[in-house]
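Structure first, commentary second.
Letters A, B, ... are given to chains in the order of the sequence lines, protein chains preceding strands, and every chain is numbered from 1. All heavy atoms count here, side chains included; hydrogens, waters and symmetry mates do not.
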2 protein chains.
Amino acid sequence: MSKAIDFYFEFSSPYGYFASKKIAALAEKHGCTLNWKPFLLGAAFKKEGTNSLISYPMKGPYSKHDIERSSGYYGIPFKWPEVFPIFTVNAARATLWAQQAMPEKAVPLIHAIYDKAFAEGVDIGQVPVVLEAAQSVGIDPDTLSENMRAPDVKARLKDETQAALDNGVFGSPFCIVEGEKFWGVDRLDMMDAWLTRGGW
Amino acid sequence: MSKAIDFYFEFSSPYGYFASKKIAALAEKHGCTLNWKPFLLGAAFKKEGTNSLISYPMKGPYSKHDIERSSGYYGIPFKWPEVFPIFTVNAARATLWAQQAMPEKAVPLIHAIYDKAFAEGVDIGQVPVVLEAAQSVGIDPDTLSENMRAPDVKARLKDETQAALDNGVFGSPFCIVEGEKFWGVDRLDMMDAWLTRGGW
């Protein structure tokens, strides 16, 4: 049976964006199924007593620079969004709805939203931007607009966020493979080695 | 003129220990001079409003496991010290004294102390353990014992710790090369690329 990689990501996370460009190839390399799991990182910050990276006096400026530098290192375009941190409830709900209603379009939608945010620097906190991203991958924006605020979609985002917390997810990106946790785009190499060697 | 890598490390930092095994080869590869800079990370935690990694509800258990896993990944032996976090004032003072009084023995002393802590799992918070490490690299323990508590050595540790803060050092290990900052043993690959390509 193939292993599953649970890939937890927050749409406001630049490192999550970088990882979103790399995770599919890694999963494919190891014949793993890949579960894309949007969640709201704020809940984890609250539980941990931590804050957005950029809010810290020294780690903040460092991280801003490291994110820009990571763009060059990974060869992935990057632009700061107009507003940061980003309000990502709409983006996450849109994704959760697509995953259920039209699963074949869900991953393209994730990439389209992330690209809006961090390749184009547009504020994906705005519903029209999320709808535009959806339209670009062939999702009808009116259908999405009607459905993304449905009670069951709202409930699902709460449940998914709670499940992430229950599974010990405290950052983005965050992968779990057979119970083994890897936090950060800078742990993908270690996850690669772990999957190759079957652990150690 | 050769570039200089300032390698900031806290003796209580397992990731600092791993990096201490790798940094010399990296410096040599790029013809960089290497400055070993012990400091007290607690001051940075205070300024940042952060805490020891292991103190966080989710990040704590994750980090403990990641540290053990990193040992296998890097192929560097690791054992948790009896007491953790470690009281490292004595280890840092001993190093600062050796750097001035017998510079050729300072780097061997750093490795000996780190090995006591994280390869043998002994509590380097205890002065006799620091003296034992010193003796193992040919430093007379009585001379060290007399000198490591001298006012100028105490003052130097305060100054070095303040200088680290002033330079934006908020974690361990932490490298600065020509103003470019790299935090974490997991940024050594990026620093390697940065030195190879001359930045980007």
Taking a hydrophobic cluster as the set of Ile, Leu, Val, Met, Phe, Trp and Tyr residues connected by side-chain heavy atoms closer than 4.5 Å, whether directly or through intermediates, do [X] and [Y] fall within one such cluster?
{"X": "B:Val129", "Y": "B:Val127", "value": "yes"}
{"X": "B:Leu53", "Y": "A:Phe45", "value": "no"}
{"X": "A:Phe87", "Y": "A:Val83", "value": "no"}
{"X": "A:Ile86", "Y": "A:Leu41", "value": "no"}
{"X": "B:Leu40", "Y": "B:Ile124", "value": "no"}

Could you tell me which residues in [range] have at least one non-hydrogen atom under 4.5 Å from a non-hydrogen atom of chain A, sorted by residue number?
{"range": "residues 7-39 of chain B", "result": "B:Tyr15"}
{"range": "residues 150-181 of chain B", "result": "B:Leu165, B:Gly168, B:Val169, B:Phe170, B:Phe174, B:Glu180, B:Lys181"}
{"range": "residues 61-82 of chain B", "result": "B:Tyr62, B:His65, B:Asp66, B:Arg69, B:Ser70, B:Gly72, B:Tyr73"}
{"range": "residues 89-121 of chain B", "result": "none"}

*chain B heavy atoms under 4.5 Å from A:Trp183: which part of the residue, side chain, backbone, both or neither?*
both
*Could you look at A:Asp189 and say if it's the side chain, the backbone, both or neither that has a heavy atom under 4.5 Å from chain B?*
both
*Of all heavy-atom pairs between B:Met58 and A:Lys47, which one has the smallest distance, and what is that distance?*
CE-CD, 3.9 Å
